[in-house]
Q: 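The structure under discussion is supplied below as structure tokens; questions concerning it will follow.
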Amino acid sequence: MGRVIASCGVCMMFAATASAHVFPKHQDPGAGASVSAPKEVRIQFDGPLEPAFSTLTVTDGNGKDVEAAKSAVDAAHPDVMSVALPSLTPGHYAVHWAAVAADGHRTHGDYTFEVK
């Protein structure tokens, strides 16, 4: 009986890992930060991303997209996504991300930062 319970516990552990979602681990600039105009927004996630379905956009205080190029997942670091920015003027900006894990699970979120 003990072996059956132990086997079930191991199976449940692998099932939880297999259906994991990815979430931001580090954001640059960070949420709520007040920074000089950044050249890019870069987010490191806690697992690898599916590049074809993961996106990162930045909008200004009026809701207008401001990124200089399409976001991309770093080929050498599949847990990192970034987007290049033009020279930003002082103001509030919002980062919008959608991350699809390698297993197909999708998460999304938003945060803001300020350019001083």
Side-chain angles (χ1 to χ4, degrees):
M1 182 70 161
R3 287 184 189 178
V4 172
I5 292 171
S7 294
C8 288
V10 170
C11 289
M12 290 176 71
M13 182 177 71
F14 284 120
T17 302
S19 64
H21 293 72
V22 290
F23 292 97
K25 186 172 160 181
H26 179 77
Q27 303 158 319
D28 188 25
S34 181
V35 298
S36 297
K39 301 233 185 276
E40 71 175 0
V41 169
R42 185 175 185 87
I43 302 177
Q44 179 182 18
F45 291 84
D46 59 5
L49 302 168
E50 179 57 51
F53 303 108
S54 299
T55 60
L56 178 60
T57 59
V58 180
T59 56
D60 64 16
N62 295 319
K64 181 182 175 213
D65 284 342
V66 297
E67 59 273 358
K70 186 178 174 186
S71 64
V73 173
D74 188 325
H77 303 280
D79 60 336
V80 175
M81 182 168 40
S82 63
V83 63
L85 299 173
S87 182
L88 298 178
T89 59
H92 294 283
Y93 293 88
V95 175
H96 314 279
W97 58 268
V100 177
D103 66 4
H105 288 93
R106 183 178 189 273
T107 54
H108 60 90
D110 305 285
Y111 72 91
T112 61
F113 67 92
E114 181 179 349
V115 172
K116 50 185 172 173

Q: Using a side-chain heavy atom cutoff under 4.5 Å and only I, L, V, M, F, W and Y, what cluster partners does Phe53 have?
A: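 Val100, which link up through side-chain heavy atoms under 4.5 Å apart, make up the rest of the cluster.
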Q: What is the distance from atom OG of Ser82 to atom CG of Asp74, rounded to the nearest 0.5 Å?
A: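 Taking OG in Ser82 and CG in Asp74, the distance rounds to 7.0 Å.
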Q: Taking only residues two or more places apart in sequence or in another chain, which ones pass salt bridge (Lys or Arg N to Asp or Glu O under 4.0 Å) with Glu40?
A: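 Counting only residues at least two positions away or on another chain, Glu40 forms a salt bridge (Lys or Arg N to Asp or Glu O under 4.0 Å) with Arg42.
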Q: Between Tyr93 and Val115, does the side-chain contact (heavy atoms from CB on, under 4.5 Å) criterion hold? Intermediate values first, please.
A: CA-CA 8 Å; Tyr93 293 88; Val115 172; 3.6 Å; yes
Q: Just checking, is any N or O donor in the side chain of Asp79 or His77 under 3.5 Å from an acceptor N or O on the other one?
A: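 Per modelled atom types, Asp79 and His77 side chains form no pair under 3.5 Å.
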Q: Under the 3.5 angstrom rule, does the side chain of Thr107 hit a backbone N or O of Val22 as a donor-acceptor pair?
A: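 Present.
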Q: Is there side-chain contact between Val66 and Thr59, with at least one heavy-atom pair below 4.5 Å?
A: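 In short, these two side chains do not touch, never coming nearer than 4.5 Å.
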Q: Main chain of Lys64, side chain of Asp60: is a donor-acceptor contact present, judged purely on distance under 3.5 Å?
A: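 Yes; at least one donor-acceptor contact below 3.5 Å.
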Q: Restricting to side-chain hydrogen bond (donor to acceptor under 3.5 Å, both in side chains), what partner residues turn up for Asp110, sequence neighbours left out?
A: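 Counting only residues at least two positions away or on another chain, Asp110 forms a side-chain hydrogen bond (donor to acceptor under 3.5 Å, both in side chains) with His96.
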Q: Specify the closest pair of heavy atoms between Ser54 and Leu49, including all atoms of both residues, with the distance to one decimal.
A: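 Closest approach of Ser54 to Leu49: OG-CB, 3.8 Å.
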Q: Can you label the angle between the Phe45 ring and the Trp97 ring as parallel, tilted or perpendicular, going by 30° and 60°?
A: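 Taking Trp97 first and then Phe45, their aromatic rings stand perpendicular (interplane angle over 60°).
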Q: Search all heavy atoms of Ala69 against all heavy atoms of Val83 and return the closest pair with its distance.
A: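 Closest approach of Ala69 to Val83: O-CG2, 3.2 Å.
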Q: Would you check if the side chain of Glu67 reaches a backbone N or O of Val58 as a donor-acceptor pair within less than 3.5 Å?
A: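 Yes; at least one donor-acceptor contact below 3.5 Å.
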Q: Partners of Asp46 by salt bridge (Lys or Arg N to Asp or Glu O under 4.0 Å), sequence neighbours excluded?
A: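 With neighbours one apart ignored, the set is empty.
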Q: Check whether any side-chain heavy atom of Pro90 lies under 4.5 Å from a side-chain heavy atom of Lys116, and answer yes or no.
A: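 No; the side chains remain at least 4.5 Å from each other.
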Q: Take Val80 and Val73 through the test side-chain contact (heavy atoms from CB on, under 4.5 Å) and record every step on the way to the result.
A: CA-CA 6 Å; Val80 175; Val73 173; over 6 Å; no
Q: Arg106 and His21: which non-hydrogen atoms are nearest, and at how many Å?
A: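 Residues Arg106 and His21, closest heavy atoms: O-CD2, 3.8 Å.
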Q: Work out which heavy atom in Val35 is nearest to a heavy atom in Pro38; give both atom names and the distance.
A: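 Answer, listing the atom of Val35 first, then Pro38: CG2-CD, 4.1 Å.
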Q: Suppose we screen for side-chain hydrogen bond (donor to acceptor under 3.5 Å, both in side chains). Which residues come up paired with Ser71, at least two apart in sequence or across chains?
A: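 With sequence neighbours excluded, Ser71 shows a side-chain hydrogen bond (donor to acceptor under 3.5 Å, both in side chains) to no residue whatsoever.
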Q: Under the ring pair (Phe, Tyr, Trp, His ring centres under 6.0 Å) rule, collect the residues that match up with Tyr111, sequence neighbours excluded.
A: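 Per chain and number, Tyr111 pairs via ring pair (Phe, Tyr, Trp, His ring centres under 6.0 Å) with no residue.
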Q: So which atom in Ala98 and which in Met81 form the shortest heavy-atom distance, rounded to 0.1 Å?
A: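 Of all heavy-atom pairs spanning Ala98 and Met81, the closest is O-CE, 3.9 Å.
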Q: Going through the checks in order, is the side-chain contact (heavy atoms from CB on, under 4.5 Å) test met by Val95 and Phe113?
A: CA-CA 8 Å; Val95 175; Phe113 67 92; 3.7 Å; yes
